[in-house]
Amino acid sequence: MDERTGAPGGGLDPRAELSEFLRTRRARLKPQDVGLPDLGRHRRVPGLRREELAQLAGVSVAYYTRLEQGNGRNVSAEVLDAIARALRLSDAEQAHLTHLARPGRRRKRPEPRSRQARPALRQLLDAMETVPAYVVGRRSEILAWNRMATAVFGDWGALPPQERNWARLVFLDPAHRELFVEWDQKAYDMVAYLRMDAGRHPDDPALSALVGELSVKSEEFRTLWARHDVKEKSHGVKRVRHPLVGELTLLWESFRPAGEAEQSLVTYFAEAGSPSAEGLRLLGSWSADAPAPGTQARAVRDV
């Protein structure tokens, strides 16, 4: 039994994950949010009571209680949909609930230790000469990147393979903490992405080990992990504090390459004509003579 995750074999305990996820989602809802009277000081629990949530979902209190205690066996898709609506879950949260309550069959064979971006993706990264871009895999592992990503985020190729991981960099590396202007938001996003991974792969010992390491080394990670919030990578805006060109406001987009369910291609760009676009242009010109990241830096083995 892993003392940090509560699961045998170093994995995450699916029953505990389901229980805590439902409890935290219920606790964030106020009665007035769903049209129920607010009894004020007479309420003994934060958020909705189990009885109220069960009524909203149209299931018995006993049935919902069993589910919130982590017993998701034989729960139907219809019931999960009803509970998701009652809890006002986002699309990502509803997908996470489904992963936790109705996990797919476990792999008959262990996942291969070697994971890397396929050659065509590495060639695509190299062709994106003016766009910082990288490929990230399961557990937030940085699998491949181009020269512009190095110019903006630093030389990941100089790091040991096991350190090329966004979650470790965000929470444990002072340089990356300083890099992001809204570090708190970046940290929140990283934990939410890892939570989605945990729902899909609760029996992944490497993910559990990463969560355990970060929980021990970072109080901020522990606090965020306990919230059970989840997100999918999509798009947004990031502000970075670059030591050479100053602050950059970058828009980012995440794409799932065809046939790569565990990988995302993430690209950054600046609005045309903006100071940030000029900053990227300068970084691109300064890095043009630098050596390419190289095969070893672009294709990283899983830890």
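Side chains included, hydrogens not; waters and symmetry mates left out as well; all remaining heavy atoms used.
Using a 4.5 Å heavy-atom cutoff, the side chains of R138 and D204 are in contact. Looking at heavy atoms from C-beta onward, L125 lies in side-chain contact with L265 at the 4.5 angstrom threshold. Two residues are said to be in side-chain contact when any heavy atoms from C-beta on lie closer than 4.5 Å; W225 and L214 fail this criterion. Residues R118 and E260 meet the side-chain proximity criterion, which asks for heavy atoms closer than 4.5 Å. Side-chain atoms of V135 and W145, non-hydrogen and from C-beta on, never get closer than 4.5 Å to each other. Residues V152 and Y268 form no side-chain contact, since every pair of their non-hydrogen atoms from C-beta on lies 4.5 Å or further apart. The side-chain heavy atoms of V61 and L53, taken from C-beta on, include no pair separated by under 4.5 Å. No side-chain heavy atom of D13 sits under 4.5 Å from any side-chain heavy atom of P202.
A salt bridge links R177 to E220: at least one charged side-chain nitrogen sits closer than 4.0 Å to a carboxylate oxygen. With respect to E213 and K217, a salt bridge is recorded, a charged nitrogen being found less than 4.0 Å from a carboxylate O. Under the 4.0 Å criterion applied to side-chain N and carboxylate O atoms, K233 and D189 are not assigned as salt-bridge partners. Residues E52 and R26 are not paired through a salt bridge, judged by the lack of any N-O separation under 4.0 Å between the basic side chain and the carboxylate. Using a 4.0 Å cut-off between charged side-chain N and carboxylate O, R139 and E141 make a salt bridge. Taking 4.0 Å as the cut-off between side-chain N and carboxylate O, R241 and E247 do not count as a salt-bridged pair. Ion pairing between a basic and an acidic side chain is recognised when a charged N comes within 4.0 Å of a carboxylate O; D91 and K231 show no such pairing.
The OG1 atom of T98 sits 11.5 Å away from atom CZ of R200, with the distance rounded to the nearest 0.5 Å. To the nearest 0.5 angstrom, K238 atom NZ is 11.5 Å from L179 atom CG. Taking CD of E163 as the reference point, atom CG of L169 lies at 7.5 Å (rounded to 0.5 Å). Atom CG in N71 sits 9.0 Å away from atom CG in L18 (nearest 0.5 Å). Rounding to the nearest 0.5 Å places CZ of R15 at 13.0 Å from CG of L100. One finds the CZ atom of R88 at 14.5 Å from the CD atom of Q94 (value rounded to the nearest 0.5 Å).
Taking all atoms of both residues into account, the shortest heavy-atom contact from S254 to V266 is OG-CG2, 4.1 Å. For L80 against A101, the heavy-atom pair with the smallest separation is CD2-CB, 3.8 Å. Closest of all the heavy-atom pairs between L194 and A167 is CD1-CB, 3.8 Å. Nearest approach of E253 to F269, heavy atoms of both residues: CG-CE2, 4.1 Å. What you find for S140 and D197 is that their closest heavy atoms are N-OD2, 4.3 Å. Taking every heavy atom of both residues into account, L280 and P132 meet most closely at CD2-CG, 4.1 Å.
Between W156 and Y134, the ring center distance clears the sub-6.0 Å criterion. Aromatic pair Y188/Y193: ring centres not closer than 6.0 Å. The six-membered or imidazole ring of W166 lies away from that of F171, with a centre-to-centre distance of 6.0 Å or more.
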Does the pair R147 and D155 meet the rule for a salt bridge (Lys or Arg N to Asp or Glu O under 4.0 Å), with working shown?
CA-CA 9 Å; R147 184 183 287 109; D155 187 6; over 6 Å; no
Kindly indicate, with the supporting measurements, whether the criterion side chain to side chain contact (heavy atoms under 4.5 Å, CB included) is fulfilled by L283 and L248.
CA-CA 11 Å; L283 289 176; L248 298 172; 4.1 Å; yes
Checking side chain to side chain contact (heavy atoms under 4.5 Å, CB included) for the pair M148/T130: CA distance, chi angles, key distance, verdict?
CA-CA 7 Å; M148 279 299 294; T130 62; 5.5 Å; no
Would you please test R256 and Q263 for side chain to side chain contact (heavy atoms under 4.5 Å, CB included) and show each step?
CA-CA 6 Å; R256 187 64 52 84; Q263 297 181 11; 5.5 Å; no
Please evaluate residues H99 and E17 with respect to the criterion side chain to side chain donor-acceptor pair (under 3.5 Å), reporting the C-alpha separation (whole Å), side-chain torsions for both, the decisive distance (0.1 Å), and the verdict.
CA-CA 10 Å; H99 292 146; E17 292 291 303; over 6 Å; no
Please assess R25 against L22 for the test side chain to side chain contact (heavy atoms under 4.5 Å, CB included), listing each intermediate value before the final yes or no.
CA-CA 5 Å; R25 299 313 90 177; L22 286 172; 5.7 Å; no
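A donor-acceptor pair under 3.5 Å is formed between the side chain of R168 and the backbone N or O of Q162. Judged purely by atom type and a 3.5 angstrom limit, H242 has no side-chain atom pairing as donor or acceptor with the backbone of G279. Between the Q123 side chain and the A120 main chain, no donor and acceptor come within less than 3.5 Å of each other. Side chain of R122 to backbone of A117: a donor-acceptor contact under 3.5 angstrom is found. Of the possible donor and acceptor atoms, none in the side chain of N146 sits under 3.5 Å from a partner among the backbone N and O of D126. Using a distance-only test at 3.5 Å, with no hydrogens or angles considered, a donor-acceptor pair links the side chain of R164 to the main chain of G157. Under a 3.5 Å cut-off, the side chain of S274 and the backbone N or O of E271 do form a donor-acceptor pair.
Side-chain contact annotation: E232 with H96, donor-acceptor N/O pair under 3.5 Å absent.
Under the 4.5 Å side-chain heavy-atom criterion for grouping Ile, Leu, Val, Met, Phe, Trp and Tyr, L250 is connected to W286 within one hydrophobic cluster.
In the displayed structure, E129 atom CD is contacted under 6.0 Å by at most 12 heavy atoms of other residues, nucleotides or ligands.
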